[in-house]
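Notes for the one structure printed next.
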2 protein chains.
Amino acid sequence: MASTIIIANTGANACTHGFIKASCSDCNLKGLCLPIAMDIPDIDRLDKIIQRSRPLHAGDHLYRSGDSFRSIYAVRSGSIKTYMVDEEGIEQVTGFFLPGEVLGFDGIGTGNHGCSVVALETSSVCEIPFERLEELSLQIPTLQHHMFQLMSKQIENDHQMMLTLSKKNAEGRIATLLLSLSRRYARRNLSANAMRLPMSRMDMGNFLGLTIETVSRTLSRLHKEDVISVDGREIVLKNHQRLDELCHQLQ
Amino acid sequence: MASTIIIANTGANACTHGFIKASCSDCNLKGLCLPIAMDIPDIDRLDKIIQRSRPLHAGDHLYRSGDSFRSIYAVRSGSIKTYMVDEEGIEQVTGFFLPGEVLGFDGIGTGNHGCSVVALETSSVCEIPFERLEELSLQIPTLQHHMFQLMSKQIENDHQMMLTLSKKNAEGRIATLLLSLSRRYARRNLSANAMRLPMSRMDMGNFLGLTIETVSRTLSRLHKEDVISVDGREIVLKNHQRLDELCHQLQ
DNA sequence: TGCTCTTTTTGCTGTAAATCAAACCAGCCT
DNA sequence: AGGCTGGTTTGATTTACAGCAAAAAGAGCA
């Protein structure tokens, strides 16, 4: 499968030869994930509570809305989608998560997860049992602080998304998503320009509050205007500056 | 001023006779705010680090985007609006905060606030210096847990808002806001039906991704259909079930 | 290789909300 | 009172996107 090959090229190498990798200290995502700014002995203590499970396949759920909250998760390889379903069955994709990113903060409040989490392709995650993480956070001040930071960043991110949904037109929403993905790939030392979208048009549209037709039409238009090039899920960003401009044009 | 009289009627009495009230243990908002599920000695320790300042007047800023992050805040009386401004100057109202609610979690991640906070009417807040709160959280496990819970609930709330902005039509958005306010008033043992909106049509529209004209028209229509009654900022919810239905109708 | 099923693209038409514009209203100041 | 200001309502028109439909392109499988 093409996507796993891409993973192997993406800086997540330490994780791929065994899938159950040995430790956080060996992981080349540690600069992005939880152990950031922790010293070696503390990383080892964190490492001991982390559970590394078999990889998920596309469509596998990590947990579902209503499941009791036990753990948070760091993405090790692949890509993950989170979505919530309201009482009437309306679905909303709430985020896409790439290697090095941490998810699952919903559900601490109530004890039950408020959203569902599904793999978009073959993916692996590190599971961090929350009770043990809380204990450890009491002992390692930098870990507690880092947890607050991660949740704070999630909140800021969600606010940015509220602005996108509330104020931007279709082009702006698409451009915002593409640039966000680009930045996150670049952070892992991957190309900021050429990428393979991990999600379907359906998922993009749901996330951005657009229909698949509008997503498709908008991508086609941007292609025609030579701002990007589109071939199915393969995207090349050809004019970052123009994309930036589109991000800020109002609806 | 009418709004301060309303405050005095709203269950925040313990705070109003002196504005600088003595302690958390005396505050009748303690069931909503931080000290929930803490025992008396721990509440007193928390109480000691809390700073109670002079009340804010309508339009006063608590902090502004870019200010260095120092504290989080609990609303004691009145009402507060948070908003972010992106690089191009597009504004997005990201939330309204009522007595007993905690705000300011943005900015832990970067050390600088990502949004601005302004009082919608005469309001008072408890300021909780974050460094000292972190120290205390290391010593009081339930406090640490409660902090995680508060932030988690903020995240779930924001996700719900993403769904509202992404999937609901104008009526659904308005209905969602009205019911949210109603629930939050009811939690403080105030009327779930009759309320005075603390925010302008402008703020409602900005928050909900609608123009003021659409907000006004939608409220008028709901009034005409006898679902609510509107007189300026005075609102009476007359048909909760219908509002619930509107919440779930798609765009 | 051909067949089925799903996803994506493209065209055409309708509509909810934006936009433009003007009237209305409630405070507030002189 | 009377005029001024900012917020709100209402009306007429435009438009970006939704909704429907059908073609095109992949993806999976015998």
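Side chains are part of it too, since the values below use all heavy atoms of this structure and drop only hydrogens, waters and symmetry mates.
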Does a side-chain N or O from [X] land closer than 4.0 Å to OP1 or OP2 of [N], or not?
{"X": "Arg201(A)", "N": "dT9(C)", "result": "yes"}
{"X": "Ser220(A)", "N": "dT10(C)", "result": "yes"}
{"X": "Ser216(B)", "N": "dT8(D)", "result": "no"}
{"X": "Thr214(B)", "N": "dA17(C)", "result": "no"}

Original post:
Salt bridge between Arg52(B) and Glu127(B), side-chain N to carboxylate O under 4.0 Å?
Top reply: no

Original post:
Would you call Glu225(A)-Arg242(A) a salt bridge at under 4.0 Å N-O?
Top reply: no

Subject >> Donor/acceptor link under 3.5 angstrom from Glu171(A) side chain onto base of dC17(D) >> reply: no

**OP:** Would you indicate what Leu210(B) reaches in the nucleic acid, counting non-hydrogen atoms under 4.0 angstrom: base, sugar-phosphate, or nothing?
**Re:** sugar-phosphate

Original post:
Touch check for Gly205(A), heavy atoms < 4.0 angstrom, all strands: base, sugar-phosphate only, or nothing?
Top reply: nothing

Between [options], spot the one nearest the side chain of [X], thanks.
{"X": "Glu213(B)", "options": "dT8(C), dC17(D), dC20(C)", "result": "dC20(C)"}
{"X": "Asp231(A)", "options": "dG26(D), dT8(D), dT9(C)", "result": "dG26(D)"}
{"X": "Ala170(A)", "options": "dC17(D), dT8(C), dA12(D)", "result": "dC17(D)"}

Original post:
Do Ser77(B) and Ser123(B) have a side chain donor and acceptor closer than 3.5 Å?
Top reply: no

**OP:** Could you tell me how the ring of His113(B) sits relative to the ring of Phe69(B): parallel (under 30°), tilted (30 to 60°) or perpendicular (over 60°)?
**Re:** perpendicular

